[in-house]
4 protein chains.
Amino acid sequence: MPEPKQQLNIAMVGSGFIARAHSNAFHQVGHFFDAPFSLRTKVVCGRNQAKLEAFAAQWEWEETATEWECVVTRPDISIVDIAVPNALHAPLALAAARAGKIVFCEKPLALSVAEAGEMADAVGDRPNLVWFNYRRVPAIAFAKQLIEQGRIGRVFHYLAHYFNQSGIDPAKTNTWRYQRAEAGSGVIGDLLSHLIDTAEYLNGKISELSATTHTFARGRDVDDATQVVARFSNGSIGSFEASRFGTGRRNGNGFEIYGSKGSLAFELEEMNWLRFFDASEPPSLQASRHPYSSVFWKPGHIIGYEHTFIATLGDFLMALAKGEEFHPNFRDALRTQTVLAGVESAAASGIWKTI
Amino acid sequence: MPEPKQQLNIAMVGSGFIARAHSNAFHQVGHFFDAPFSLRTKVVCGRNQAKLEAFAAQWEWEETATEWECVVTRPDISIVDIAVPNALHAPLALAAARAGKIVFCEKPLALSVAEAGEMADAVGDRPNLVWFNYRRVPAIAFAKQLIEQGRIGRVFHYLAHYFNQSGIDPAKTNTWRYQRAEAGSGVIGDLLSHLIDTAEYLNGKISELSATTHTFARGRDVDDATQVVARFSNGSIGSFEASRFGTGRRNGNGFEIYGSKGSLAFELEEMNWLRFFDASEPPSLQASRHPYSSVFWKPGHIIGYEHTFIATLGDFLMALAKGEEFHPNFRDALRTQTVLAGVESAAASGIWKTI
Amino acid sequence: MPEPKQQLNIAMVGSGFIARAHSNAFHQVGHFFDAPFSLRTKVVCGRNQAKLEAFAAQWEWEETATEWECVVTRPDISIVDIAVPNALHAPLALAAARAGKIVFCEKPLALSVAEAGEMADAVGDRPNLVWFNYRRVPAIAFAKQLIEQGRIGRVFHYLAHYFNQSGIDPAKTNTWRYQRAEAGSGVIGDLLSHLIDTAEYLNGKISELSATTHTFARGRDVDDATQVVARFSNGSIGSFEASRFGTGRRNGNGFEIYGSKGSLAFELEEMNWLRFFDASEPPSLQASRHPYSSVFWKPGHIIGYEHTFIATLGDFLMALAKGEEFHPNFRDALRTQTVLAGVESAAASGIWKTI
Amino acid sequence: MPEPKQQLNIAMVGSGFIARAHSNAFHQVGHFFDAPFSLRTKVVCGRNQAKLEAFAAQWEWEETATEWECVVTRPDISIVDIAVPNALHAPLALAAARAGKIVFCEKPLALSVAEAGEMADAVGDRPNLVWFNYRRVPAIAFAKQLIEQGRIGRVFHYLAHYFNQSGIDPAKTNTWRYQRAEAGSGVIGDLLSHLIDTAEYLNGKISELSATTHTFARGRDVDDATQVVARFSNGSIGSFEASRFGTGRRNGNGFEIYGSKGSLAFELEEMNWLRFFDASEPPSLQASRHPYSSVFWKPGHIIGYEHTFIATLGDFLMALAKGEEFHPNFRDALRTQTVLAGVESAAASGIWKTI
């Protein structure tokens with residue numbers, strides 16, 4: 001007969017989209033993991049009583065409460081789970097931690113480093129969790145395993161991106177996520193935070209960075225997009241780009257890792273796949289020795305490559321026949337040379353350069 | 001009966017890989033384009049006579065020559081095509097231009113802006129061409145067409161990358177491409193130049209940029225990788241990354257464009273495809289109204305999404321049972337918060353920040 | 001306050017892989033669907049008491065039982081769910097139906113048409129369900145929606161395949177699924193049944209068919225693979241292929257539909273995607289009018305196509321130089337002609353033909 | 001200095017699309033293959049003098065001729081290349097063969113086996129070639145190499161398809177390809193012939209087959225689609241499907257091969273890629289041992305799989321609440337059982353069965 005399990009009662013604060021995902025996990029974990037605990041979805045807290053009751057009924061929470069202050073200190077509660085707008089993370093976590101609870105918190109942890117530091121101190125060594133859930137996509141955990149097995153070798157490049165289109169439609173952006181006071185930041189806390197967590201999980205610490213933020217929507221006080229160029233302490237270089245203006249992308253979170261022994265690529269919207277290039281495979285499998293590999297173009301310059309030259313020349317001759325100017329010409333290439341020189345100069349100075 | 005065509009005699013300097021691609025275009029253009037010119041592959045110049053004769057025989061050049069100085073001024077030559085290491089572009093182009101020839105030149109145009117400027121002045125208004133051939137990939141020309149038709153709308157983001165693995169194997173890097181004196185730069189002139197040309201072709205001028213360069217191989221005096229963050233004059237923001245340390249990539253040149261009405265994505269290794277997202281399509285085709293779209297998770301948070309939360313919680317409980325520390329915890333999230341604050345600070349200052 | 005829900009108690013017979021998927025659905029349905037029922041996982045039946053108790057603990061079944069005969073008639077049970085080997089479907093379903101229960105049954109329904117007929121009669125008009133679950137992949141439901149909206153038009157072709165590799169490793173095939181007495185058939189009941197259900201759901205009734213079965217493993221008394229060619233009553237033609245010898249495929253279930261107005265393609269291993277070709281899109285978006293579409297090869301004969309002819313001719317000339325025979329030559333093509341004539345003859349006769 | 005090459009003069013009959021591809025190969029082969037022959041595009045024959053001259057000018061044929069009878073016997077001609085409608089293949093090939101020429105012929109070789117036999121006899125042992133060009137796609141030649149290296153092992157399944165949409169638009173089908181007298185057959189000679197040639201090249205002889213043909217367009221006297229089920233002499237089973245009613249497909253020629261040691265998949269529209277599954281790779285790379293592989297569903301039953309059961313049950317409960325009939329129910333499954341029984345019966349009898 002199975003061992004009796006220790007019961008852990010949960011209080012969750014929040015009843016939005018992410019609270020559904022948390023509730024689901026509380027109910028599902030025991031079906032897949034054989035841990036010696038039995039989780040009980042005891043009480044869910046929120047401001048709107050009617051909405052809360054519907055949520056509790058749907059997600060099998062035993063009780064509802066509209067005052068989180070009382071709930072997080074209840075003696076029958078073992079775990080306090082925070083699934084509310086970012087500005088509430090700190091007060092909730094501090095209260096729960098001080099009441100000795102196990103604290104779970106949505107990401108990003110806080111509005112500021114100061115707040116986050118205070119929260120981390122408050123939970124101290126007691127078990128706690130932050131919902132950077134993408135680390136545990138099976139394919140990402142598999143990537144971690146391959147890295148730890150040495151299959152990637154010395155890492156050269158880490159690239160990550162997170163694009164969705166959530167910030168474009170003004171009808172959908174009048175929420176707390178677009179208010180600095182509530183959210184702390186825009187895409188930085190919302191999307192970039194996932195990329196940073198996954199990156200440091202897979203590739204170690206970032207030691208230095210340069211960055212931009214950009215707000216496309218007029219009057220918005222949070223960032224819509226951010227770009228980060230970084231150096232990791234393992235000697236690899238990184239780049240990160242996140243945006244809420246990625247038209248057509250819904251959850252476009254992915255990365256690429258290039259190393260001396262192999263490379264990896266992942267896209268969340270194809271979450272059940274991990275692409276792995278194994279540089280240790282024999283050349284005969286790297287398509288370098290097929291029957292025509294030495295006959296046509298260089299590997300990677302696939303058949304069809306030559307048409308780009310034919311079309312260039314074709315357009316040149318058609319322009320010549322008509323007495324029209326052809327592009328790209330020396331003047332265009334001079335322009336490109338100027339941009340490339342700007343790249344070298346900006347790289348040398350570490351500061352922005354006008355072209 | 002077809003019109004007689006004007007004959008243009010070509011002198012090409014160079015007999016390496018790219019000279020094969022040029023030669024191919026000279027022979028093929030008349031088969032596909034109906035221009036009123038007949039190209040004649042008159043003379044190919046190079047240093048190694050034996051190699052040159054084999055090349056001339058293979059690619060149907062009528063004559064060979066080892067002294068380019070004489071060739072580029074020959075009165076029977078209409079077009080001088082430059083397919084040699086970068087350091088020779090300027091002397092050749094200047095001589096040919098001064099001799100009144102039509103000049104074609106491999107990219108990058110020159111070793112420096114000064115050289116490129118002198119070359120552009122020298123060719124003046126005479127027809128000339130720089131082999132930024134990727135503009136004329138049919139799919140890229142199609143992208144340009146869609147942009148000009150207004151199908152992308154206001155552009156938010158332009159992203160481009162070019163990764164190959166040419167710089168990794170030391171046995172293959174003792175060529176002029178890895179000598180600053182011969183090449184001018186590494187990946188910047190070799191790969192980034194293509195990205196910049198395509199970007200300004202599709203998305204207009206870059207107005208400002210920040211950049212890095214990185215050399216992975218010890219003792220090498222050219223850049224192995226570069227990262228560029230840019231602003232375009234149309235208000236969009238750009239990012240570029242190019243590397244010769246992209247393990248497993250052979251010719252990994254691609255871009256993504258996100259705009260108010262649609263988005264585009266392209267990869268050179270799948271050169272016959274262009275991905276176009278049309279934001280004007282009805283919601284019924286954007287997968288937002290299928291029979292279960294309101295039942296499960298948010299669009300993009302595809303079915304299976306919830307397992308990342310279950311696995312997070314499962315691992316937490318297993319760690320709890322064993323008295324082990326779980327990650328990511330508040331301390332990990334504090335670290336992430338610190339990186340995010342670094343991003344905001346670096347973005348505000350425009351300079352690099354140590355984390 | 002939410003309406004109170006009617007409680008439905010479930011008895012499930014079986015505790016294998018598919019019983020996990022059923023249990024999961026019983027617990028999860030209320031989290032996603034707002035139906036006026038509350039499901040209670042009352043009792044799970046199986047033969048092995050220890051294994052059963054572990055299963056019940058993991059999947060939150062209140063009771064266990066080893067004698068299904070008593071359970072399926074219990075007055076507190078509303079739903080009997082059958083998740084056992086095929087040979088037990090009929091006795092269980094008949095008993096449950098006669099006891100007035102709602103009966104849910106795994107696919108395939110029965111060992112024979114006779115059994116299935118008896119079972120269908122027994123449940124009569126009482127609510128019942130067969131777990132052809134793939135109909136309800138969101139992307140397939142979306143496909144159905146597009147078909148019903150007329151976006152595919154008159155259907156020409158329906159193609160479906162289901163490949164996995166479950167039958168190859170002898171160490172894994174000593175189960176009931178490889179015994180005719182227990183399973184009724186091999187891949188026909190296991191995999192083809194899903195394809196047929198989905199096909200008739202999406203494309204209407206099959207009116208006629210021709211088929212093969214094949215057993216690769218010696219001594220096995222069930223089919224490892226099957227191929228079906230069919231005519232649908234809507235005038236379209238169909239083909240189906242299913243195999244347990246699809247090396248490397250784990251759950252390779254997919255279909256393609258070609259119609260007068262569009263086409264659809266789906267693969268279960270990329271379950272969150274549906275490919276839809278919309279023939280009503282303007283030619284300018286069908287890549288037929290890009291800048292080089294009239295210059296190079298025919299649409300679909302993508303750039304690079306010509307290399308197949310060059311390589312053919314190149315190999316011919318190399319063989320000619322060596323005095324070796326080249327293939328494919330007239331004799332090879334005569335052979336192909338013979339096979340093609342066999343195709344015409346077999347099609348005319350409707351029977352197999354030896355070539 | 002390179003060896004002088006033997007000159008071979010070519011006469012080509014035909015000036016349509018495929019004649020362009022042949023002409024291209026004649027000009028290009030020497031650029032890529034180092035054979036001791038120099039090909040000269042001597043004379044092109046056709047009926048329309050004006051069109052012919054334009055063609056000759058574009059593709060560098062030295063002469064034109066409108067009477068092929070004279071041309072194919074000219075003493076200065078070494079190679080006669082046949083690029084005309086199928087009905088002319090035999091008379092041309094016989095005349096050229098009897099004149100002692102090297103004969104190249106477009107596929108399919110002939111209108112009938114008798115014709116093809118006569119042609120094969122006529123060319124006898126003299127060098128000759130049939131343009132089944134797809135064998136020499138580099139990726140297909142690579143597939144052949146992998147098969148010959150034993151990397152696929154014993155073959156179980158060979159599947160091939162060829163879909164285009166050429167037969168749908170009546171405005172484009174008033175050509176010789178849709179006239180039995182001119183073409184011999186429809187899709188059988190046009191597309192299936194390629195599949196058969198590639199199949200026997202990669203997988204050996206077909207020993208038996210069953211087939212269908214179908215004509216969708218009213219009044220057309222050639223086949224629009226064909227389906228073939230086959231047995232190969234190596235014990236593997238095959239299926240082939242070709243159609244000119246594949247809406248949205250332009251050149252959709254592909255195959256899959258499943259064997260005991262690996263599998264291969266290829267699509268012509270992604271001609272630079274070959275998919276190879278290597279069953280000899282360690283389980284750790286077959287995604288069978290990632291950190292959550294034993295926790296969630298069976299390999300291939302990817303995360304998200306369970307939602308198909310939830311949606312099935314959800315729809316059942318919604319139907320139950322409304323008193324509506326749910327599908328698929330026992331009656332639907334009885335229908336499926338009937339189809340499955342039909343499959344077994346048709347397989348046993350080898351003949352078509354009405355369901």
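Just so we're on the same page: letters track the sequence lines, and every chain starts at 1. Only heavy atoms go into these numbers, but all of them, side chains included; no hydrogens, no water, no symmetry mates.
- Judged by distance alone, with hydrogens and angles left aside, the side-chain atoms of D/T247 form no donor-acceptor pair with the main-chain N or O of C/Y258 at under 3.5 Å.
- For a residue to count as touching a neighbouring chain, one of its non-hydrogen atoms must lie under 4.5 Å from one of that chain's; by this rule D/I152 does not touch chain C.
- Proximity of C/R335 to D/V113: side-chain heavy atoms (C-beta onward) are nowhere separated by under 4.5 Å.
- Heavy atoms of D/F163 lying under 4.5 Å from chain C belong exclusively to its side chain.
- Heavy-atom pairs under 4.5 Å with chain C peak, among D/R249, D/H27, D/Q6, at D/R249.
- Panel note: side chain D/D223, backbone D/T213; no donor-acceptor pair is recorded below 3.5 Å.
- Your options are C/I140, C/N128, C/L317, C/V343, and the one with the most heavy-atom pairs under 4.5 Å with chain D is C/N128.
- Chain D forms more heavy-atom pairs under 4.5 Å with one residue of C/L209, C/L334, C/I196, C/I310 than with any other, namely C/L209.
- Between D/Y134 and C/Y305, the angle of the ring planes lies from 30° to 60°, which puts this pair in the tilted group.
- Proximity to chain C is limited to the side chain of D/F277, based on heavy atoms less than 4.5 angstrom apart.
- When each of C/N133, C/N329, C/I257, C/D197 is scored by its heavy-atom pairs under 4.5 Å with chain D, the top score falls to C/N133.
- Residues C/E208 and D/T354 have side chains in contact (heavy-atom distance under 4.5 Å, counting atoms from C-beta outward).
- Separation of the D/F316 and C/F104 ring centroids falls under the 6.0 Å cut-off.
- If you measure heavy-atom distances from D/V229 to chain C, the contacts under 4.5 Å come from both the backbone and the side chain.
- Between chain C and the residues D/G259, D/G252, D/G342, the largest count of heavy-atom pairs under 4.5 Å involves D/G259.
- For a residue to count as touching a neighbouring chain, one of its non-hydrogen atoms must lie under 4.5 Å from one of that chain's; by this rule C/H161 does not touch chain D.
- With a 4.5 Å cut-off on side-chain heavy atoms, C/W297 and D/N24 count as touching.
- Judged by distance alone, the side chain of D/E200 and the main-chain N or O of D/I206 form a donor-acceptor pair under 3.5 Å.
- For the set D/T212, D/D278, D/L8, the count of heavy-atom pairs under 4.5 angstrom toward chain C peaks at D/T212.
- Looking at D/S239, the atoms closer than 4.5 Å to chain C (heavy atoms on both sides) sit in the backbone and in the side chain alike.
- For a residue to count as touching a neighbouring chain, one of its non-hydrogen atoms must lie under 4.5 Å from one of that chain's; by this rule C/V123 touches chain D with the side chain only.
- Of the atoms belonging to D/A21, heavy atoms from both backbone and side chain fall under 4.5 Å from chain C.
- The greatest number of non-hydrogen atom pairs below 4.5 Å with chain C, out of D/M271, D/H307, D/Q165, D/M119, is found for D/M271.
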Inset, instruction - Using the side-chain contact (heavy atoms from CB on, under 4.5 Å) rule, take C/D125 and D/E325 through it: C-alpha gap first, then chi angles, then the decisive distance, then the call. - result: CA-CA 9 Å; C/D125 293 334; D/E325 195 175 24; 5.8 Å; no
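- Between C/H157 and C/I237, the closest side-chain pair of non-hydrogen atoms falls below 4.5 Å.
- The choice from D/S112, D/A116, D/S210, D/A25 that makes the most heavy-atom pairs within less than 4.5 Å of chain C is D/S210.
- Using a 4.5 Å cut-off between heavy atoms, D/A93 touches chain C through its side chain atoms alone.
- At a 4.5 Å heavy-atom cutoff, the contact between D/E256 and chain C is made by side-chain atoms alone.
- Side chain of C/S349 to backbone of C/S345: a donor-acceptor contact under 3.5 angstrom is found.
- The residue among C/E241, C/E269, C/R154 with the most heavy atom pairs within less than 4.5 Å of chain D is C/E241.
- Using a 4.5 Å cut-off between heavy atoms, D/L129 contacts chain C through both its backbone and its side chain.
- Under a 3.5 Å cut-off, the side chain of C/E306 and the backbone N or O of C/G304 do form a donor-acceptor pair.
- Comparing C/F32, C/F132, C/F37 by heavy-atom pairs within less than 4.5 Å of chain D, the highest count is held by C/F37.
- Ranking D/N272, D/I168, D/L192 against chain C, the residue ahead of the rest is D/L192, based on heavy-atom pairs under 4.5 Å.
- Two residues are said to be in side-chain contact when any heavy atoms from C-beta on lie closer than 4.5 Å; D/L313 and C/L39 meet this criterion.
- Heavy-atom pairs under 4.5 Å with chain D peak, among C/A348, C/G117, C/A110, C/A279, at C/A110.
- Heavy atoms closer than 4.5 Å to chain C are found in both the backbone and the side chain of D/V137.
- The part of D/D34 that comes within reach of chain C is its backbone (N, CA, C, O), which places non-hydrogen atoms under 4.5 angstrom from that chain.
- Side-chain N or O atoms of C/E115 include none that pairs as donor or acceptor with a backbone N or O of C/L109 at under 3.5 Å.
- Atom NE2 of D/H22 sits about 5.0 Å away from atom CH2 of D/W131, to the nearest 0.5 Å.
- Looking at C/T226, the atoms closer than 4.5 Å to chain D (heavy atoms on both sides) all sit in the side chain, from C-beta outward.
- The salt bridge (Lys or Arg N to Asp or Glu O under 4.0 Å) contacts involving residues 345-354 of chain C comprise nothing, where partners must be two or more places apart or lie in separate chains.
- With a 4.5 angstrom heavy-atom cutoff, D/L159 touches chain C only via side-chain atoms.
- Taking the centre of each ring, D/F245 and D/H214 stay at or above the 6.0 Å mark.
- Heavy atoms closer than 4.5 Å to chain C are found nowhere in D/H31, neither backbone nor side chain.
- Looking at D/F26, both its backbone and its side chain come within 4.5 Å of chain C, counting heavy atoms on both sides.
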